[in-house]
Participant: 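Next up is a structure, given as structure tokens.
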Amino acid sequence: MRIHRDKISENRRSLRSFTVIEMTLVISILAMIGLAVNRSVVNSLKLWELSRHFTLEEDAIVFLDKIGVDLRNAFAFSQFNFEGEETRLSIPTLVRVPQDKKISEHSVRYVDQIGKVEYLYDKASHAVIRKQANYSQALKSEFGTQRVVVSPVQALKLSYLVPDGQDYIWKKELDHVLPVAVLVEIQVRERNGDTRTLTRLLDLPIAG
């Protein structure tokens with residue numbers, strides 16, 4: 001009888017020992033899984049941040065290309081004035097708008113017409129916004145469509161080159177005057193926290 005009890009006691013100790021081993025093994029496996037998941041999340045965040053950085057630079061370059069096209073298509077028009085500030089620019093230019101369905105038989109067709117485009121830096125949202133007005137909207141000093149062209153942006157700085165006698169000077173503000181060129185400086189933040197400035201000098205053929 002005593003031998004039987006000793007065996008039962010020994011079996012119980014073995015059972016307890018086996019349970020501790022199992023728990024240790026499970027904890028080790030969970031720790032390894034947690035470490036792997038953590039590394040995967042960290043790597044995914046780094047990859048997302050890197051892709052976001054490249055996308056921001058691409059958006060900034062697209063913005064510079066777009067404002068360059070609008071400036072090249074700018075014209076002198078008595079009804080719409082060229083207005084320039086350090087963080088805002090309003091341009092009388094050609095705009096692409098949907099064709100009137102009453103005139104065109106096609107459901108989707110775009111035409112170029114006289115209009116107005118405005119670029120401005122919204123400091124609150126750290127975004128550069130482009131507004132567009134067709135001819136009738138521009139006559140009423142209204143804008144139809146607007147969209148964010150690049151965000152987030154640390155700063156936008158516009159300078160205007162205008163003739164001054166026999167020379168040229170840079171100004172931060174213009175009103176009712178077409179400049180010879182516009183210097184656009186846009187600041188974006190690098191992944192390491194540094195600020196990078198993209199600069200482009202854009203000329204206006206009509207003023208030159």
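Any value given below was found using the heavy atoms of this structure, including those in side chains, with hydrogens, waters and symmetry copies removed.
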Participant: Does a side-chain heavy-atom distance below 4.5 Å link Tyr168 with Val162?
Facilitator: no

Participant: Less than 4.5 Å apart, any side-chain heavy atom of Phe82 and any of Pro92?
Facilitator: yes

Participant: Look only at the side chain of Asp203 and the backbone of Pro205, and say whether a donor-acceptor pair between them is shorter than 3.5 Å.
Facilitator: no

Participant: Do any N or O atoms from the side chain of Tyr119 and from the backbone of Ile91 form a donor-acceptor pair under 3.5 angstrom?
Facilitator: no

Participant: Checking side chain to side chain contact (heavy atoms under 4.5 Å, CB included) against Leu204, which of Thr93, Leu161, Val182 comes through?
Facilitator: Val182

Participant: With no hydrogens and no angle check, is any side-chain donor or acceptor of Gln154 less than 3.5 Å from a backbone partner on Arg196?
Facilitator: no

Participant: Can you tell me how far the CH2 atom of Trp170 sits from the CG atom of Asp164, to the nearest 0.5 Å?
Facilitator: 14.0 Å

Participant: Does the Gln146 side chain pair with the main chain of Ile129, one donor and one acceptor, at a distance under 3.5 Å?
Facilitator: no

Participant: Please round to the nearest 0.5 Å and tell me the distance separating atom CZ of Arg96 and atom CG of Asp112.
Facilitator: 5.0 Å

Participant: When you look at Tyr121 and Val153, which way does the side-chain contact (heavy atoms from CB on, under 4.5 Å) test go after all the steps?
Facilitator: CA-CA 9 Å; Tyr121 174 61; Val153 174; 4.0 Å; yes

Participant: At what distance, to the nearest 0.5 angstrom, does CD of Glu185 lie from CG of Leu64?
Facilitator: 10.5 Å

Participant: How long is the span from the OG atom in Ser136 to the CD1 atom in Ile114, to the nearest 0.5 Å?
Facilitator: 12.5 Å

Participant: Rounded to the nearest 0.5 Å, how far apart are CD of Gln137 and CD of Gln132?
Facilitator: 8.5 Å

Participant: Between Glu118 and Arg130, is the salt bridge (charged side-chain N to carboxylate O under 4.0 Å, His left out) condition met? List the steps.
Facilitator: CA-CA 6 Å; Glu118 180 175 290; Arg130 182 183 185 272; over 6 Å; no

Participant: Compare all side-chain heavy atoms of Glu85 with those of Leu158 and state whether any distance is below 4.5 angstrom.
Facilitator: no

Participant: Could you tell me whether the side chain of Glu58 reaches within less than 4.5 Å of the side chain of Ile61, counting heavy atoms only?
Facilitator: no

Participant: Could you state the interatomic distance from NZ (Lys116) to OH (Tyr135), rounded to the nearest 0.5 Å?
Facilitator: 12.5 Å

